[in-house]
Amino acid sequence: MNERAGVRSLRVIDSHTGGEPTRVIVEGGPDLPRGSDPVVGALLCPPSDPSCTAGVIFFNNVGYLGMCGHGTIGLVATLSYLDRLAPGPHRIETPVGVVTAELHPSGEISVANVPSYRHRRDVTVEVPGFGRVTGDVAWGGNWFFLVNDHGQELRLSCVEPLTRFAWCIRQALAREGVTGRDNGEIDHVELFGPPESADADSRNFVLCPGRAYDRSPCGTGTSAKMACLYEDGKLAEGRIWRQEGIVGSIFEGWVQRIGGLIYPTIRGTAFVNSDAAFILDERDPFCWGIRSS
Ligand code: PYC
C-alpha cells in the first residue's frame, strides 16, 4: 500500500514470449484484476499443493484462461528475474491442473502441460460469408477448434481478415452448439498452414477469447495440435514438432504417452521487458479499467 491515503500500488513485471506479452502481478494483486486485450495477465497465488512453487491464474480482457503456455514461460522468466526461482523443474498450479515448468541453463523454458486430447474430429460448421469450415475440437489446457483447410494466407499483414474469419468460426461454433467436453466453450480458434521458416513444421494463427490474436505460437494450442497429430499417427512420441506463430516465433514441442494419456511439452524463451508499479487511486473512476455495459 502506498503512503497516501486511498492510493495503492501493484507491482507488475512484463515479459514477452515469442512476441506475446505476459504481465505478472508480483505484489498487491486484487482478487479479480482488470484485464487487457492483447496482454495476458498472470495473478500469482499461493499454491494449495505444497509441492508446487507457485499458483497462477491467467486472465485477459474477458475472463480467465485454464492454462497458458506462453504465459507460464513468461511467469518462469519473471520469477527467475526476481531471484525467486532457481534453474530446474518447478511444479506450477493452474486452474486446470499442475504443470511442470523447467528453466534450462540455456535460458529456455519448457512446460510439461496437462494431458491433451482430441474431443471431436472433422466437425463442419456453416460460417456466414465463408461457407462450410471443417475442423477438430481439441483440449490443450483450453478448448480449441483446429482448422487446416481454410484458404486463408497466414501472414502478419493479414491479421485483420484472419481475425474476422476466425471470429466468425467461433460464433458459428457457438450458434451450432459445438462445445468441448462437459459443454466447455470453444474460445480459441487455430488455423494452420505451411511454415515460412525452413526450421518449422507448421505455421499457425490463433484467435484468443477476447478477439486478440496470439503473437506467440500458443503453448496450449500447440499442445492441442500435437495431441491430434499423435492420435493420427503423424507425430511419434518424443519427436520434436516446431510450431511457428504468426509473427514468426517458434515453440518446440513433443508428446509423451503415460498411462494412456498424452502429455505435451512445449519449449520457448521469454524476455522480461519492464518492471513497473501501477497506481490505483480510489478517486479515479477508471482505476479498475473501463467496463462495457
Ligand atoms: O500460449 O497457451 C498459450 C496462450 C493462450 C492464450 C494466449 N496464449
Side-chain angles (χ1 to χ4, degrees), residues 14-24 35-43 56-78 92-101 108-117 138-146 159 162-163 166-167 170 180 184-192 202-228 241-255 262-271:
D14 290 347
S15 61
H16 76 87
T17 309
E20 176 76 349
T22 306
R23 173 164 295 164
V24 181
S36 157
D37 175 354
V39 181
V40 170
L43 180 62
V56 62
I57 299 171
F58 294 108
F59 61 96
N60 58 19
N61 54 327
V62 289
Y64 77 94
L65 295 164
M67 222 306 271
C68 182
H70 95 265
T72 306
I73 293 173
L75 171 68
V76 169
T78 294
I92 312 274
E93 216 171 50
T94 79
V96 294
V98 172
V99 300
T100 302
E108 284 177 301
I109 294 154
S110 56
V111 181
N113 197 4
V114 293
S116 300
Y117 58 94
W139 173 257
N142 296 300
W143 283 111
F144 287 83
F145 191 65
L146 293 85
V159 290
L162 287 167
T163 299
W167 190 251
R170 182 171 165 195
E185 184 185 5
I186 302 170
D187 54 7
H188 291 74
V189 174
E190 187 166 10
L191 312 175
F192 294 94
S202 159
R203 185 174 178 86
N204 68 12
F205 170 85
V206 180
L207 191 69
C208 298
R211 214 172 185 269
Y213 66 94
D214 195 333
R215 277 73 170 165
S216 84
C218 191
T220 49
T222 300
S223 298
K225 171 71 173 174
M226 292 192 299
C228 293
W241 176 260
R242 291 173 63 81
Q243 184 65 57
E244 179 181 77
I246 196 71
V247 307
S249 53
I250 292 176
F251 283 164
E252 277 188 3
W254 60 92
V255 297
I262 310 302
Y263 286 85
T265 298
I266 53 141
R267 185 170 171 134
T269 309
F271 297 94

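Scope of the values below: all heavy atoms of this structure, side chains included, with no hydrogens, waters or symmetry mates. Atoms within a ligand are numbered from 1 in the order they appear, just like the ligands themselves.
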_Side-chain donor-acceptor pair present, Ser202, Gln243, cut-off under 3.5 Å_ =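 Short answer, yes.
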*According to the interplanar angle, ranging from 0 to 90°, do the rings of Phe205 and Tyr213 count as parallel (below 30°), tilted (30 to 60°) or perpendicular (above 60°)?*
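Parallel.
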Nearest heavy-atom neighbours spanning [X] and [Y]:
X	Y	value
Ser223	Ile266	OG-CG2, 4.2 Å
Ser15	Thr78	OG-OG1, 4.2 Å
Arg215	Ser249	O-OG, 3.6 Å

_Numbering as shown, the atoms of ligand 1 that approach Thr220 to under 4.0 Å (heavy-atom distance)_ =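 Near Thr220, meaning under 4.0 Å from one of its heavy atoms, ligand 1 has 2 (O), 3 (C), 5 (C).
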_Using a 4.0 Å cut-off to any heavy atom of Gly219, which atoms of ligand 1 qualify?_
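Taking each heavy atom of Gly219 in turn, ligand 1 has 1 (O), 2 (O), 3 (C) under 4.0 Å.
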*Does His70, backbone or side chain, put an N or O under 3.5 Å from an N or O of ligand 1?*
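Such a contact does occur with ligand 1.
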*asked:* What I want to know is whether Val40 and ligand 1 share at least one N or O pair that is separated by under 3.5 angstrom.
replied: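 No, Val40 has no N/O under 3.5 Å of an N/O on ligand 1.
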_How far is atom 8 (N) of ligand 1 from the closest protein heavy atom, and which atom is that?_
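So the nearest neighbour among protein heavy atoms is Asp214 OD2, 2.7 Å.
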